[in-house]
Amino acid sequence: MPLARSTLIQTALFTFLSMVAFATNAIVCRWALDDHLIDPISFTNLRLGSAAAILFLVMLWMRRQQKTRSPGNQTASVSRGSWRAAVFLFIYAITFSYGYVAISTANGALILAVVVQLTMIGYAVRKGDKLHLAEWIGVALALLGLVYLMYPKLSTPSWWGLVMVGISAYTWAMYSLNGRKSLDPLHDTAFNFYRTLPMVALATVVSLFFLPNVLFTAEGIGLALFSGAVTSGLTYILWYKALTNLSPSMASASQLLVPLLAALGANWLLAEPITLRFILAALLMLGGIGLVIHGRNQHRKAALRKLEA
């Protein structure tokens, strides 16, 4: 059923704002860590803590609104996330921070986006989905682009940054796949962030007593709080609003904008150069993933037409 014009405009706006915020998250993280304004663990802890706090306030406001509209109704039970999802979320956040110590914003966002999509494709294949020739070509192009980005040596960008961003991408993909089962994604997201707080507390103790170079500055703390409250917590609400009217293929395709927005933003704000190697790698990686998404969407439509015939 076609969307109303107002709904279509709202969905497009929410999607674009979400992609800008996701790209901004990478820029803010790189800004804080590369300029040595804060250490990675402190950045992660403040990011997760502030996201949990803002989501708690949003949930509280929503509950009060619900009581105002229906004062006689009892509060319905809500989803409360899972510890499995919270562990994925925490590992994603901390490896994300450590990755951006050693890797540029553009490269990090590109690798993150492509590895997330490849992980999801691999998961679907393992569950029995079949890729057709064009889709296999797309996967091969994406992998070729990743290899080209790292060529001629693993220090371009650094192997440490690659490993950290790779783990971050994989755990984010697993967190997203886990979230597909959710019937109440907004509440599940809030409670997943709440469940990371014991891990945040443990990481804080470990960093204070066992790790060197714990670093705080007012600017670093501000960037971490902005990353958590705005470009993580509040943005997830916008993204979930947009997802209700986006097909899976459109949701996947829209996320391919993030590396390009991150590269442009980092070039403007952090004076990071956009190299020819990055441009060629981005064309291969994003083009390959785009080919897979398009192919899967076309085969899904063909399968639906067969069922309706």
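Please read these numbers as outputs of a predicted model, since none were measured by experiment. FYI, side chains are in, hydrogens and waters are out, and symmetry mates aren't considered; it's all heavy atoms of this structure.
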How about [X] and [Y]: do any of their side-chain heavy atoms sit closer than 4.5 Å?
X	Y	answer
V20	L261	yes
F278	N107	yes
M120	L177	yes
L280	L284	no
L286	L260	yes
F226	R47	no
L55	T189	yes
L264	I274	yes

Can you tell me how far [atom2] of [Y] sits from [atom1] of [X], rounded to the nearest 0.5 angstrom?
X	Y	atom1	atom2	result
T95	Y170	OG1	OH	12.5 Å
S232	I237	OG	CD1	11.5 Å
I111	L118	CD1	CG	12.0 Å
S176	L89	OG	CG	10.0 Å
Y175	F90	OH	CZ	14.5 Å
L225	S50	CG	OG	5.0 Å

Checking the side chain of [X] only, and the main-chain atoms of [Y] only, is there a donor and an acceptor separated by less than 3.5 Å?
X	Y	value
S227	L223	no
S168	M164	no
Q117	V114	no

Exercise. What do the steps show when you test L143 against V147 for side chain to side chain contact (heavy atoms under 4.5 Å, CB included), and what is the final call?
Worked result: CA-CA 6 Å; L143 291 173; V147 170; 5.6 Å; no
Would you say [Y] ends up clustered with [X] if hydrophobic residues are merged whenever their side chains have heavy atoms under 4.5 Å apart, either directly or through other cluster members?
X	Y	value
V87	I167	yes
Y92	L202	yes
V139	Y123	yes
V125	I137	no
L112	V115	yes

Exercise. Strictly under 6.0 Å, is that where the ring centroids of Y236 and W239 end up?
Worked result: no
Exercise. Does the gap between the ring centers of F96 and Y100 come in under 6.0 Å?
Worked result: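 Yes, they do, as the ring centres are separated by less than 6.0 Å.
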Shortest non-hydrogen contact from [X] to [Y]?
X	Y	answer
A51	F193	CB-CE2, 3.4 Å
L162	I103	N-CD1, 4.2 Å
I27	L270	O-CD1, 3.9 Å
S82	N192	N-OD1, 3.0 Å
T105	A266	CB-CB, 3.6 Å
N178	A85	ND2-CB, 3.5 Å

Exercise. Can you check side chain to side chain contact (heavy atoms under 4.5 Å, CB included) on K130 and E135, steps first, answer last?
Worked result: CA-CA 9 Å; K130 292 183 179 179; E135 295 164 278; over 6 Å; no
Exercise. Does the ring of Y194 carry R80 above it, NZ/CZ under 6.0 angstrom from centre and within 45° of its axis?
Worked result: no
Exercise. Does the pair E272/R30 count as a salt bridge with the N-to-O cut at 4.0 Å?
Worked result: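 Yes, E272 and R30 are salt-bridged.
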Problem set entry | Derivation and outcome, side-chain hydrogen bond (donor to acceptor under 3.5 Å, both in side chains), residues S42 and D39 | CA-CA 6 Å; S42 298; D39 65 277; 2.6 Å; yes
If you draw a 6.0 Å radius around [atom1] in [X], do more than 12 non-hydrogen atoms from other residues or ligands fall strictly inside?
X	atom1	result
W83	CH2	yes
W172	CH2	yes
Y240	OH	yes

Problem set entry | Pair T44-S97, side-chain hydrogen bond (donor to acceptor under 3.5 Å, both in side chains): steps then yes or no | CA-CA 7 Å; T44 302; S97 297; 2.7 Å; yes
Exercise. Under the side chain to side chain contact (heavy atoms under 4.5 Å, CB included) criterion, do I38 and L215 qualify, and how do the steps go?
Worked result: CA-CA 5 Å; I38 195 171; L215 177 64; 5.5 Å; no
Seminar exercise, completed: Result for side chain to side chain contact (heavy atoms under 4.5 Å, CB included) between V200 and one of L46, I41, L48, V205 points to L48
For this session: Kindly determine whether M285 and L141 satisfy side chain to side chain contact (heavy atoms under 4.5 Å, CB included), including the steps that lead there.
Result: CA-CA 6 Å; M285 294 165 78; L141 285 174; over 6 Å; no
